[in-house]
Amino acid sequence: LMGRLFMDRGSTERLVEGCNSTDRVLSILSVLGMFLLGATIVRFADPMMPEQWAEWLPGWMGLLASMAVTGALYLVVLYQRVILSAVSALTYSQTVGGHLYQIKRSIFSIATLIATPFLVLMLLSPDEMGEVWLWVIIIELFILAFLYLYESLMLFISKKISLLHWILYLCAVEIFPISLLILLVVS
């Protein structure tokens, strides 16, 4: 996965889908990561739920809530894909859009692979015991977020695209849908 991520940015080899088993691994890790992310969000949202609700909600409601959160996360990913595809089509830069998608997919798969053992330990441990695992996961995710920012910036620089466009891409495609989802949940 790391070799795939650090390929030559001008190479079209990164964009070829379905040619090897790496694509299947990326797909499996992406789906697994989305479900684990949904379960994690439900686990952290559980203490915020009123006590009265916990009394009359059935036990399987956690699974249903996890599936609903995973569905909402897939809607965010769909929004990101649609916006990125539309902008790529309008600016005649489908290769850059494809490269950005592959970078994001590779980083998310690496994050899933690295964070899953610690995430499972955190989800299965009592609340006070899972804090150590949470900090390990947070450190890993900060490193991978920095790696994603670096790789996407290097892609924009290698294609001689303005840094302003990179910042606009990050705001419109990456930050906006996640902040909107958080705003909807909080309100």
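As the structure is a prediction and not an experimental result, all values here were calculated from the model.
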Q) Which atom names give the shortest non-hydrogen contact between Ala115 and Glu140, and what distance separates them? A) CA-OE1, 3.4 Å

Q) Is Ile138 close to Trp135 at the side-chain level, that is, under 4.5 Å between some pair of heavy atoms? A) yes

**Q.** Minimum side-chain heavy-atom gap Val120-Trp133 below 4.5 Å
**A.** no

Q) If Ile, Leu, Val, Met, Phe, Trp and Tyr residues are connected whenever their side-chain heavy atoms lie under 4.5 Å apart, and connections chain through other members, are Tyr150 and Ile103 in the same group? A) yes

Q. Nearest heavy-atom pair of Ser109 and Ser30: which atoms, and what distance?
A. OG-OG, 3.7 Å

Q: Check whether any side-chain heavy atom of His99 sits under 4.5 Å from a side-chain heavy atom of Ser152, and report yes or no.
A: no

Q) What heavy-atom pair brings Pro117 and Ile114 nearest, and what distance separates the two atoms? A) CD-O, 3.5 Å

**Q.** Residue pairs fulfilling salt bridge (Lys or Arg N to Asp or Glu O under 4.0 Å) with at least one residue in residues 27-42, sequence neighbours excluded
**A.** none

Q: Look up atom CD1 in Ile83 and atom CG in Leu78, then write down how far apart they are to the nearest 0.5 Å.
A: 10.0 Å

Q.
If I compare all heavy atoms of Val96 with all of Lys159, which pair ends up nearest, and what's the gap?
A. CG2-CG, 3.8 Å

Q | Transitive ILVMFWY side-chain link Leu180 to Val87, under 4.5 Å | A | yes

Q) What pair of heavy atoms forms the shortest contact from Leu141 to Ala111, and how long is it? A) CD2-CB, 4.2 Å

(Q) Contact between Leu149 and Leu153 at the side-chain level, heavy atoms closer than 4.5 Å - yes or no? (A) no

(Q) Can you confirm whether Val136 sits close enough to Leu121 that some side-chain heavy atom of one is under 4.5 Å from a side-chain heavy atom of the other? (A) no

Q. In terms of the angle between their ring planes, are Phe35 and Tyr74 parallel, tilted or perpendicular, with boundaries placed at 30° and 60°?
A. perpendicular

Q: For the pair Phe156 and Leu100, evaluate side chain to side chain contact (heavy atoms under 4.5 Å, CB included) and give the outcome as yes or no after the intermediate values.
A: CA-CA 9 Å; Phe156 274 72; Leu100 282 170; 3.7 Å; yes

Q.
Whether the side chain of Ser85 engages the backbone of Val82 through a donor-acceptor N/O pair (distance < 3.5 Å, no angle test) should be reported.
A. no

Q.
Quick check on the hydrophobic clustering: are Leu37 and Leu75 connected, directly or via other members, by side-chain heavy-atom contacts under 4.5 Å?
A. no

Q: Please answer: with hydrophobic residues joined when any side-chain heavy atoms are less than 4.5 Å apart, are Met154 and Tyr148 in the same cluster?
A: yes

**Q.** side chain to side chain contact (heavy atoms under 4.5 Å, CB included) partner of Thr112, chosen from Leu32, Leu119, Ile107
**A.** Leu32

Q: Is it possible for you to say whether Ile28 and Leu73 belong to one hydrophobic cluster, with membership spreading through side-chain heavy-atom contacts below 4.5 Å?
A: no

Q: Write down the atom of Gln102, the atom of Leu26, and the distance for their closest heavy-atom approach.
A: OE1-CD1, 4.4 Å

